[in-house]
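All values reported here derive from a predicted model rather than from experimental measurement.
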Number of protein chains: 2
Amino acid sequence: MKQTKTWDASQLRPVFRKARTRFTTQREAIWRFFARSPGGFTITDAVAKLKAKGIGLATVYRTVTLLEKLDLLRHVHDKGLEHRFIATQPGHFHPLVCRSCGHVVEFDACGLSAVERSLSAKTGFHVEGHYVEIYGTCAECTGGRK
Amino acid sequence: MKQTKTWDASQLRPVFRKARTRFTTQREAIWRFFARSPGGFTITDAVAKLKAKGIGLATVYRTVTLLEKLDLLRHVHDKGLEHRFIATQPGHFHPLVCRSCGHVVEFDACGLSAVERSLSAKTGFHVEGHYVEIYGTCAECTGGRK
DNA sequence: GTTGTTGCAAACAGTTTGCACGAAA
DNA sequence: TTTCGTGCAAACTGTTTGCAACAAC
């Protein structure tokens with residue numbers, strides 16, 4: 001299963017426009033940085049790498065928050081406390097995360113809507129959404145060693 | 001669906017013993033505190049409340065980490081960044097969280113094992129586990145107001 | 001008695017904020 | 001030109017750690 005193509009930069013501008021916010025060189029650079037790896041990066045990674053480009057720490061934080069709101073970035077839980085952010089296309093997707101190398105593959109069918117309906121009926125909850133993350137070890141990391 | 005009964009304190013001691021760790025008055029008090037509410041509490045709540053009993057902040061942190069490792073506590077994501085910890089029985093359970101009042105109901109059947117098998121076959125991942133959390137508004141919070 | 005646990009305070013890590021300057025529309 | 005975004009540094013919040021006193025086994 002190959003990683004679905006994320007947006008290229010030319011499609012990015014309209015997203016910012018739609019949100020009535022500016023498409024700056026920093027914001028593009030930050031998004032490009034995260035889009036560079038299928039496993040994404042932590043904010044710390046991004047800050048370290050983008051400092052060289054003269055992009056400040058605060059801007060990275062503010063932009064990551066923004067990109068997540070725009071559905072251009074999604075976060076997954078790393079082994080530690082820190083989150084890793086991955087570039088993604090919008091829609092209903094969940095991450096399948098490799099705990100060894102950090103590689104992330106997204107999948108759509110989580111089959112939870114049936115469970116939600118049944119829970120809703122049993123408990124009276126009005127279900128608004130769910131958070132799902134599956135983790136394990138990817139083929140490359142499993143094969144051979146470990 | 002009523003909340004399944006969690007362990008009472010008399011069953012607690014063996015769990016600590018099995019983990020070769022001590023069953024102290026502080027640890028019991030901290031577990032009791034979280035067990036008191038079906039919605040659980042944040043660490044900040046616990047620190048504030050248990051300070052009166054002379055239990056220090058560091059102990060609360062260390063103990064919560066321990067209790068989670070012992071499967072006596074599980075955390076859910078609050079609206080903000082802070083986690084909320086709820087007392088729970090061990091086993092495969094997931095939280096259904098009310099975002100309005102914080103009430104948590106646990107459920108077991110998440111139906112994800114079929115999804116995992118199919119993903120595993122498609123991607124070659126060795127799946128080790130998953131994190132699932134469903135959120136919404138509970139019956140009490142939905143009914144009438146809001 | 002031995003060893004793990006606790007409380008305190010100080011150290012840390014990650015994140016947010018105020019403000020003057022600079023760049024997008 | 002106007003307004004929003006940026007960089008910097010300082011402030012914050014939540015969490016971890018070192019160490020002497022203490023309690024569980």
For B:Ala58 and B:Leu66, find the nucleotide of DNA chain C closest to each by heavy atoms; which residue's nucleotide sits nearer the 5' end?
B:Leu66

Return the value, rounded to whole Å, for the distance between atom [atom1] of [X] and atom [atom2] of [N].
X: B:Glu68; N: D:dT15; atom1: CD; atom2: C1'; result: 14 Å
X: A:Leu57; N: D:dA11; atom1: CG; atom2: P; result: 16 Å
X: B:His83; N: D:dT15; atom1: NE2; atom2: P; result: 8 Å
X: B:Arg13; N: D:dA24; atom1: CZ; atom2: P; result: 9 Å
X: B:Lys51; N: D:dG14; atom1: NZ; atom2: P; result: 13 Å
X: A:Phe16; N: D:dT3; atom1: CZ; atom2: P; result: 22 Å
X: B:Asp45; N: D:dT13; atom1: CG; atom2: P; result: 16 Å
X: B:Glu28; N: D:dC25; atom1: CD; atom2: P; result: 11 Å

Kindly assign one of parallel, tilted or perpendicular to the pair B:Tyr131 and B:His75, based on the angle between their ring planes and the thresholds 30° and 60°.
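Because their plane-to-plane angle is under 30°, the rings of B:Tyr131 and B:His75 count as parallel.
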
Counting only side-chain nitrogens and oxygens, does [X] get under 4.0 Å of the OP1 or OP2 atom of [N]?
X: B:Arg27; N: C:dT6; value: yes
X: B:Tyr61; N: D:dT15; value: yes
X: A:Thr24; N: D:dT6; value: yes
X: A:Thr21; N: D:dC4; value: no
X: B:Thr59; N: C:dG7; value: yes

Are the side chain of A:Thr59 and the backbone of A:Ile55 linked by a donor-acceptor contact shorter than 3.5 Å?
no

I'd like to know if the side chain of A:Arg27 and the backbone of A:Thr63 have a donor-acceptor N/O pair within less than 3.5 Å.
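Side chain of A:Arg27 to backbone of A:Thr63, a donor-acceptor pair under 3.5 Å: no, none is there.
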
With ring-ring contact (aromatic ring centres under 6.0 Å, His included) as the criterion, how do A:Phe41 and A:Phe33 come out once you've worked through the C-alpha distance, each side chain's angles and the decisive distance to 0.1 Å?
CA-CA 8 Å; A:Phe41 293 105; A:Phe33 173 75; 4.4 Å; yes

For residues A:Ala19 and A:Leu70, report the shortest heavy-atom separation together with the two atoms involved.
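Heavy-atom minimum between the residues: CB-CD2, 3.5 Å.
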
Identify, between B:Gln26 and A:Ile55, the residue whose nearest nucleotide on DNA chain D lies closer to the 5' end.
A:Ile55

Is there a donor on the side chain of [X] or the base of [N] sitting less than 3.5 Å from an acceptor on the other?
X: B:Arg62; N: C:dG4; answer: no
X: B:Arg22; N: D:dC25; answer: no
X: B:Arg20; N: C:dG4; answer: no

